Amino acid sequence: DGLSFGEGGKVHVAVPSPAPKAVVLLSKIKPIWLNTLLRSFILTLPPLIKEVPYGCFVTLSEKGEVIETRVDYKGEEANFITSVEERDGKIYLGSLKTNYIGVVDA
């Protein structure tokens with residue numbers, strides 16, 4: 001679920017809601033027990049304190065290497081992306097939280 005094949009053997013991976021920026025920054029903290037504790041705390045905060053959901057999908061090569069990561073921080077094209085389909089130079093983005101299909105250039 002959330003995986004689809006694009007042109008030229010690419011693989012698109014839908015990322016429903018990327019981790020908040022604070023969690024990504026805290027992931028670099030050592031030791032690991034402190035890292036885990038702080039990330040867990042942030043994820044328990046009320047939604048108003050955390051970031052608004054936004055759209056994200058990753059394109060991988062046939063070998064699993066990251067070719068591109070696309071993030072829509074405002075969620076204008078689509079947010080909470082659950083499906084990605086590439087056809088004829090366009091990428092169609094599906095979501096369980098919107099009533100439309102987002103379309104971006106491939």
Side-chain angles (χ1 to χ4, degrees):
D1 193 29
L3 297 174
S4 65
F5 292 96
E7 296 171 4
K10 294 182 288 188
V11 178
H12 298 294
V13 181
V15 181
S17 188
K21 290 178 188 174
V23 173
V24 174
L25 291 173
L26 290 173
S27 69
K28 299 175 185 343
I29 291 178
K30 304 294 183 220
I32 194 71
W33 66 267
L34 180 58
N35 170 320
T36 303
L37 178 68
L38 291 172
R39 285 187 299 139
S40 297
F41 172 73
I42 286 176
L43 291 173
T44 63
L45 295 175
L48 293 176
I49 297 173
K50 295 188 284 188
E51 295 178 40
V52 176
Y54 50 93
C56 179
F57 70 92
V58 179
T59 302
L60 306 173
S61 71
E62 292 175 315
K63 296 180 181 180
E65 300 160 330
V66 176
I67 296 173
E68 180 178 32
T69 300
R70 292 202 195 179
V71 180
D72 179 0
Y73 289 103
K74 295 182 180 179
E76 293 172 344
E77 295 296 333
N79 62 62
F80 200 80
I81 296 172
T82 55
S83 63
V84 181
E85 290 291 331
E86 182 179 356
R87 297 280 185 267
D88 301 321
K90 298 287 185 189
I91 295 177
Y92 300 89
L93 308 170
S95 171
L96 297 177
K97 297 198 177 219
T98 61
N99 59 358
Y100 59 88
I101 297 172
V103 182
V104 296
D105 291 326

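We use all heavy atoms of the structure for the numbers below, so side chains are in, but hydrogens, waters and symmetry mates are not. Here the structure is a predicted model, which is why all the values come from computation and not from measurement. Index from 1, following the sequence.
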Looking at Glu62 and Gly9, what are the two nearest heavy atoms and their distance? CG-O, 3.2 Å
Residue pair Asp88 / Glu7: nearest heavy atoms and the distance that separates them: N-OE2, 3.3 Å
Looking at Glu86 and Phe5, would you say the former's side chain and the latter's main chain have a donor-acceptor pair under 3.5 Å? no
Roughly how far apart are Ser4 OG and Tyr92 OH, rounded to 0.5 Å? 13.0 Å
Closest heavy-atom contact between Ser83 and Ala14? N-CB, 3.7 Å
What are the two closest non-hydrogen atoms of Ile81 and Cys56, and how far apart are they? CD1-N, 3.5 Å
CG-CD1 distance between Asp105 and Ile91, expressed to the nearest 0.5 angstrom: 8.5 Å
Between Leu60 and Val66, is the side chain to side chain contact (heavy atoms under 4.5 Å, CB included) condition met? List the steps. CA-CA 5 Å; Leu60 306 173; Val66 176; 3.8 Å; yes
Consider only side-chain heavy atoms of I, L, V, M, F, W and Y, link residues closer than 4.5 Å, and tell whether Leu3 and Val15 are in one cluster. yes
For residues Val84 and Val11: do they belong to one hydrophobic cluster (side chain heavy atoms under 4.5 Å, members Ile, Leu, Val, Met, Phe, Trp, Tyr)? no
Measure the spacing between OG1 of Thr59 and CZ of Arg70 and express it to the nearest 0.5 Å. 6.5 Å
How many angstroms lie between CG in Asp72 and CG in Asn79, if you round to the nearest 0.5 Å? 8.0 Å
Check the surroundings of atom CD1 in Ile67: do more than 12 heavy atoms from other residues, nucleotides or ligands lie under 6.0 Å from it? yes
